[in-house]
Amino acid sequence: GVREALGWSIIAGLSATAIALALGTCLAFAVARYDFFGKEIISLLVVLPISLPGIVTGLALNNAFTQTLGVGTSIFTIIIGHATFCIVVVFNNVAARYRRMGSSFEEASMDLGANRITTFRLITFPLLRSALLAGGMLAFALSFDEIIVTTFTAGAGQNTLPIWIFQNLFRPNQAPVVNVVAAALILLSLLPIYFAQRIINAPSNSN
């Protein structure tokens, strides 16, 4: 049971992190580099899921999937649910990096004849790399620990590790296993946060 729950947690965490990296980076690029109508509203909507109570987000997602879309809960709905708040972490990291590095390097690259794709590949992406890595680590840690949203979006038999711990917490015969798993979960959650903090505070970020 522990191994299966760990597997679901890793699948959900990695998938949600991948979605968050793609969408969070695109949103940060649009907000940081362009002025358009509704820019502030989009920024607010991106950050909103992490500021709402988890039970509100979980209920809203459950109703959207089961009532509006007619989709049963599964690992797919867990991933989408986790991605909604993981995007915030990536968006904040990448948007902050965009603000710090300015646009002079990108403008110089395009003045020299590079198109936007080449400029992103050779100039922008290397400058964003540490912010993306830190944002991805924080997003994975956030997803790996999530229990409230997962409760409302998980399908039958698809329990992540936090859900497994909660279900077995009050079973006396499972107490030793739960204690070990909970201690391991704390360590696994702290590692990406620690490394992300080291990356964010690294001196090379100011270059």
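Residues: numbered from 1 along the sequence shown. All of these numbers come straight from a predicted model, not from anything done at the bench.
When ring centroids are compared, Tyr34 and Phe29 come within the 6.0 Å threshold.
Looking only at side-chain heavy atoms (C-beta outward), Phe166 and Thr151 stay at 4.5 Å or farther from each other. Phe144 is listed as a side-chain neighbour of Leu6, based on a closest heavy-atom distance under 4.5 Å. Side chains of Phe91 and Val31 form a contact here, defined as non-hydrogen atoms less than 4.5 Å apart. Put simply, the side chain of Met101 reaches to within 4.5 Å of the side chain of Leu128, judged on heavy atoms. Contact annotation: the side chain of Asn93 never approaches that of Leu132 to less than 4.5 Å [non-hydrogen atoms, C-beta and beyond]. Phe152 places none of its side-chain heavy atoms less than 4.5 Å from the side chain of Thr57. Contact of the Leu133 side chain with the Met137 side chain is registered, since non-hydrogen atoms from C-beta on lie closer than 4.5 Å. The side-chain heavy atoms of Asn63 and Thr68, taken from C-beta on, include no pair separated by under 4.5 Å.
Residues Val46 and Val56 fall into different hydrophobic clusters, defined by Ile, Leu, Val, Met, Phe, Trp and Tyr side chains chained together at heavy-atom separations under 4.5 Å. Note on Phe125 and Leu23: same hydrophobic cluster, where clusters join Ile, Leu, Val, Met, Phe, Trp and Tyr whose side-chain heavy atoms are under 4.5 Å apart, directly or indirectly. One hydrophobic cluster, built from ILVMFWY side chains closer than 4.5 Å, holds both Ile10 and Val2. Criterion: ILVMFWY side-chain heavy atoms under 4.5 Å apart, direct or through other members. Under it, Ile147 and Val178 are not part of a common hydrophobic cluster. In the hydrophobic cluster analysis, where Ile, Leu, Val, Met, Phe, Trp and Tyr join through side-chain heavy atoms closer than 4.5 angstrom, Leu61 is grouped apart from Leu52.
Between Trp164 and Asn159, the shortest heavy-atom distance links the atoms N-CB, 4.5 Å. Residues Val149 and Gly54 come closest through the heavy atom pair CG2-O, 3.8 Å. Summarising the geometry of Ala28 relative to Ala95, their closest heavy-atom pair is CB-N, 3.7 Å, with the distance given to 0.1 Å.
Between the side chain of Ser51 and the main chain of Leu48, a donor-acceptor pair closer than 3.5 Å is present. Judged by distance alone, the side chain of Ser9 and the main-chain N or O of Thr160 form no donor-acceptor pair under 3.5 Å. Checked by atom type and distance alone, the side chain of Thr118 never pairs as donor or acceptor with a backbone atom of Ala114 at under 3.5 Å. The backbone N or O of Leu127 lies less than 3.5 Å from a partner atom in the side chain of Arg97, making a donor-acceptor pair. Here the side chain of Ser109 pairs no donor or acceptor atom with the backbone of Phe105 at under 3.5 angstrom. The closest donor-acceptor contact from the side chain of Glu146 to the backbone of Ile148 lies under 3.5 Å. Side-chain atoms of Thr25 do not come within 3.5 Å of backbone N or O of Ala22 as any donor-acceptor pair. In this structure, the side chain of Ser143 does not engage the main chain of Phe140 through any donor-acceptor pair within 3.5 Å.
In the displayed structure, Ile55 atom CD1 is contacted under 6.0 Å by at most 12 heavy atoms of other residues, nucleotides or ligands. A 6.0 Å sphere centred on CD1 of Ile41 holds no more than 12 heavy atoms belonging to other residues, nucleotides or ligands. The number of heavy atoms from other shown groups lying within 6.0 Å of CZ (Phe37) does not exceed 12. More than 12 heavy atoms of other shown residues, nucleotides or ligands fall within 6.0 angstrom of atom CG in Leu69.
One finds a salt bridge joining Arg33 and Glu106 here, because a Lys/Arg side-chain nitrogen approaches an Asp/Glu carboxylate oxygen to under 4.0 Å.
With rounding to the nearest 0.5 Å, the separation of CD1 in Ile87 from CG in Leu45 is 12.0 Å.
When the options Ile79, Thr73, Ile80, Ile78 are evaluated for a side chain to side chain contact (heavy atoms under 4.5 Å, CB included) with Phe76, the one that passes is Ile80. The only option from Leu21, Thr17, Leu142 that meets the side chain to side chain contact (heavy atoms under 4.5 Å, CB included) definition with Val89 turns out to be Leu142.
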